[in-house]
Structure formats: C-alpha cells, structure tokens
Participant: 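Right, I'll just put the structure down here and ask away after.
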Amino acid sequence: MYNNLDQMLNFRHAVTHNPVPLDFHQHQDQYEIYFFLTGDVHYFIEKQVYPLQYGDLLIMHSNELHRPNFQSKKQRYENVVIHFNPALLQHFNSSQFDLLDCFNNRVFGEQNRMRLTPPQIDDIMKLYERMEMHRRPQALPGSDILFVATFIELLVFINRIFHQQGKQEEPVIMPDKLSSLFAFIDENLDQDLSLEVLEQVVFMNRSYLCRLFKKHTGSTIHEHILFKRIARAKHLLREGSTVTDTCQLAGFNDYSNFIRTFKKAVGLPPRQYQSQQRRV
C-alpha cells in the first residue's frame with residue numbers, strides 16, 4: 001500500500017485567483033472529498049446544484065458526474081480535495097463501522113453536501129493540517145503511516161456528521177424543466193438525444209434550453225450527454241458486455257466514433273479498459 005500511496009490517496013490544498021473552468025468529470029475508481037473554503041461557486045453533481053459557502057463539505061462516489069461552476073472569472077478560489085481508492089480501506093472497516101457508508105449507502109446524486117457547524121469546521125481543518133504536515137518532503141520517518149491514520153480519522157468524522165444530519169431537503173435552484181431533462185437523458189441514453197428531440201420533451205425552444213442549461217451547470221447539453229454515455233459504457237464493459245453491444249447500449253451509433261471518444265475520455269480504448277478491469 002505505501003509503495004504506491006500517492007495513487008491510492010491524493011491530498012491537495014489549492015488556492016487560485018483565476019480558476020479555470022472544468023468539464024464534467026468522474027474519477028475512475030476514485031472517490032472524492034471536497035472541502036470548500038473561498039470563492040463564488042455553484043457545484044453541480046448529477047441532477048443537483050449546490051451553492052457553496054465557507055465550510056461546506058462534498059462527498060462524491062466515483063460514478064457521480066460533477067463539476068464546479070464558477071460564477072465569476074476573477075475570484076479567490078480555495079479548497080481542499082482528497083481523491084482516494086476505496087480499496088485502501090478494506091482492512092480498516094470494523095463490523096460496526098463502514099468507512100465508505102456515506103459514499104455507498106445513499107441515493108445516487110443525493111446527500112452530497114454536508115453543511116458543517118463552526119466547531120466542526122475547526123475540527124476538520126485540524127485534520128487537514130495534520131494530513132498536509134505528514135506529506136511534506138521534510139516529514140519524519142513514519143509520516144506516511146500517520147498520513148493514512150489521519151485520513152481514517154477524517155472518514156470516521158465525516159460519516160458521523162453524515163448520519164447526524166440525515167437526509168436534508170436541499171433548496172431547489174434547478175428549474176423543473178432541467179430536472180425533467182436530466183431524468184429523460186438518464187432513461188434514454190441509447191436513444192436519439194438531439195436538440196430536436198429534447199426541445200419537444202421539455203416544450204422549450206432549443207436556444208433558450210441551451211442557455212438555461214449552461215447557466216445552471218456551466219457546461220453544454222452535448223457535453224453532459226457525452227459524459228453520461230461514457231459512464232454507461234464503462235459500467236457495461238465492467239459488467240462483461242462486448243464492445244459492439246456497449247457501443248449501441250450507450251447510445252453511440254458509430255463504432256469508430258465510440259472507440260475514439262472513449263479513448264479520449266478514459267485514456268484507454270474500450271477493450272483494453274475492459275481487460276484492465278478484469279485484472280483488478
């Protein structure tokens with residue numbers, strides 16, 4: 001585990017004054033813990049948009065599509081982000097406590113945000129400071145062990161908050177038309193999802209629909225559909241579907257385009273990705 005710790009557990013505390021827009025993305029085999037400090041950001045996860053305030057904590061499963069939507073170009077944007085492979089935790093769970101519970105045992109695309117109290121913010125900041133200290137180049141021998149131990153402590157802390165807060169009603173800032181659009185796309189990824197079709201589904205002019213989508217998600221309908229189809233393709237390949245069947249079931253009608261698009265998004269062609277998953 002410690003020989004490839006950076007691949008299993010990555011910690012990043014970042015500050016920028018000119019954040020670069022990001023595309024929709026997922027993290028292959030990686031879960032994410034995102035802690036927001038400063039900025040003017042609405043964070044899109046699946047069908048929900050979360051306006052963020054200081055001390056908000058987001059948790060994301062590897063299959064949840066997400067992206068930050070920066071509300072202004074010039075802003076001080078600071079966050080702490082941890083990506084980790086869930087396999088790292090297989091020896092740390094107990095029969096009474098599952099460290100991945102808050103990631104796995106909730107409805108997909110819901111309950112991603114935890115709004116922390118001031119004392120909880122202080123507690124989590126102390127944990128992050130310890131993790132950052134243990135990863136410094138000049139850290140003492142054994143700091144890699146303490147780094148993992150502090151991360152385990154962080155997961156216990158997060159799961160406790162998750163269960164204390166329970167399922168909270170999020171303020172609705174996503175228009176009903178877009179909520180309907182997301183649902184239709186999810187249920188019809190293998191069908192024609194052209195703008196001609198979508199504008200009839202939500203009874204809205206395509207130009208206005210595209211502007212509304214961009215405003216609330218920060219990206220385009222085409223990009224959203226593309227990443228959803230790639231996610232569907234990855235799932236089908238992991239489940240043993242052939243590359244040809246996956247192409248059709250994920251909504252890619254052109255085989256060569258599917259191969260090219262999948263490789264660009266995932267970094268591997270479909271067949272190689274499938275072989276790699278079988279070895280894991």
Side-chain angles (χ1 to χ4, degrees), residues 1-45 50 52-71 73-89 92 99-100 102-103 112-116 120-140 142-159 161-162 218-219 227 265-267:
M1 175 182 72
Y2 292 104
N3 291 332
N4 61 342
L5 186 57
D6 286 337
Q7 296 176 11
M8 299 293 287
L9 176 57
N10 183 267
F11 175 94
R12 179 178 61 85
H13 179 190
V15 181
T16 179
H17 293 273
N18 190 19
V20 178
L22 299 174
D23 291 331
F24 288 117
H25 59 281
Q26 298 167 310
H27 302 287
Q28 183 178 336
D29 303 322
Q30 297 276 314
Y31 290 9
E32 180 175 335
I33 301 168
Y34 172 104
F35 183 66
F36 180 73
L37 290 166
T38 60
D40 186 7
V41 181
H42 288 183
Y43 212 101
F44 175 87
I45 306 176
Y50 300 93
L52 298 183
Q53 68 179 41
Y54 171 73
D56 278 355
L57 184 74
L58 300 176
I59 53 173
M60 284 159 275
H61 188 281
S62 58
N63 290 330
E64 289 179 308
L65 196 68
H66 58 277
R67 77 183 301 274
N69 184 11
F70 302 110
Q71 300 302 292
K73 292 182 179 179
K74 297 289 185 180
Q75 57 173 283
R76 187 181 193 279
Y77 177 51
E78 181 178 5
N79 60 22
V80 179
V81 178
I82 295 175
H83 294 119
F84 68 96
N85 190 319
L88 173 70
L89 305 174
F92 294 100
L99 293 166
L100 295 175
C102 62
F103 295 91
N112 295 92
R113 179 175 66 181
M114 285 171 257
R115 184 143 278 176
L116 307 189
Q120 289 170 339
I121 293 173
D122 289 341
D123 288 342
I124 201 170
M125 287 294 290
K126 290 174 184 175
L127 290 171
Y128 284 138
E129 287 167 5
R130 282 163 51 194
M131 291 186 72
E132 196 164 18
M133 177 184 67
H134 294 318
R135 292 310 284 167
R136 289 173 182 165
Q138 65 272 29
L140 295 173
S143 293
D144 51 350
I145 298 173
L146 294 175
F147 178 67
V148 174
T150 308
F151 175 61
I152 301 302
E153 188 177 348
L154 174 69
L155 283 177
V156 172
F157 175 82
I158 291 173
N159 274 280
I161 294 175
F162 179 81
S219 195
F227 276 94
V266 180

Participant: Would you say N85's side chain and A87's backbone share a donor-acceptor pair under 3.5 angstrom?
Facilitator: yes

Participant: What's the shortest heavy-atom distance between H13 and N79, and which atoms?
Facilitator: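 Shortest heavy-atom separation between H13 and N79 comes out as CD2-O, 3.4 Å.
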
Participant: Which atoms form the tightest heavy-atom contact between M114 and I158, and what is the distance?
Facilitator: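 Looks like CE-CG2, 3.6 Å.
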
Participant: If only atom types and distance count, is the side chain of T150 paired as donor or acceptor with the main-chain N or O of M131 below 3.5 Å?
Facilitator: no

Participant: In terms of the angle between their ring planes, are Y128 and F35 parallel, tilted or perpendicular, with boundaries placed at 30° and 60°?
Facilitator: tilted

Participant: Taking salt bridge (Lys or Arg N to Asp or Glu O under 4.0 Å) as the definition, give me every residue that meets it alongside E132, ordered by chain and number, with sequence neighbours left out.
Facilitator: none

Participant: Determine whether more than 12 heavy atoms belonging to other residues, nucleotides or ligands lie under 6.0 Å from atom CG of N18.
Facilitator: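 Yes, CG of N18 has more than 12 neighbouring heavy atoms, counting only those of other groups under 6.0 Å.
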
Participant: Quick one: closest heavy-atom pair of D56 and R113, and the distance?
Facilitator: OD2-CD, 3.5 Å

Participant: Roughly how far, to the nearest 0.5 Å, is the CG atom of N159 from the CD1 atom of I59?
Facilitator: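 Result: 7.5 Å between the selected atoms.
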
Participant: Evaluate the ring pair (Phe, Tyr, Trp, His ring centres under 6.0 Å) criterion for residues Y34 and Y43: first the C-alpha distance (whole Å), next the side-chain angles of each, then the deciding distance (0.1 Å), finally the verdict.
Facilitator: CA-CA 10 Å; Y34 172 104; Y43 212 101; 4.8 Å; yes

Participant: With distance as the sole test, does R67 use its side chain to make a donor-acceptor pair with the main-chain N or O of G218 at under 3.5 Å?
Facilitator: yes

Participant: Can you tell me how far apart CG (L9) and CZ (F147) are? Round to the nearest 0.5 Å.
Facilitator: 4.0 Å

Participant: Parallel under 30°, tilted from 30 to 60°, perpendicular over 60°: which one fits the rings of F70 and Y77?
Facilitator: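 Ring orientation of F70 relative to Y77: perpendicular.
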
Participant: When you measure from the side chain of Q71 to the backbone of N69, do you find a donor-acceptor pair of N or O atoms at a distance under 3.5 Å?
Facilitator: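 Indeed, once roles are kept as given, a pair shorter than 3.5 Å links the two residues.
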
Participant: For F157, what residues pass the side-chain contact (heavy atoms from CB on, under 4.5 Å) criterion, not counting sequence neighbours?
Facilitator: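 Expected list: Q120, D123, I124, L127, I161.
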
Participant: Pairs in or reaching into residues 7-17: which pass salt bridge (charged side-chain N to carboxylate O under 4.0 Å, His left out), with residues at least two apart or in two chains?
Facilitator: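 Sorted result for residues 7-17: empty, none.
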
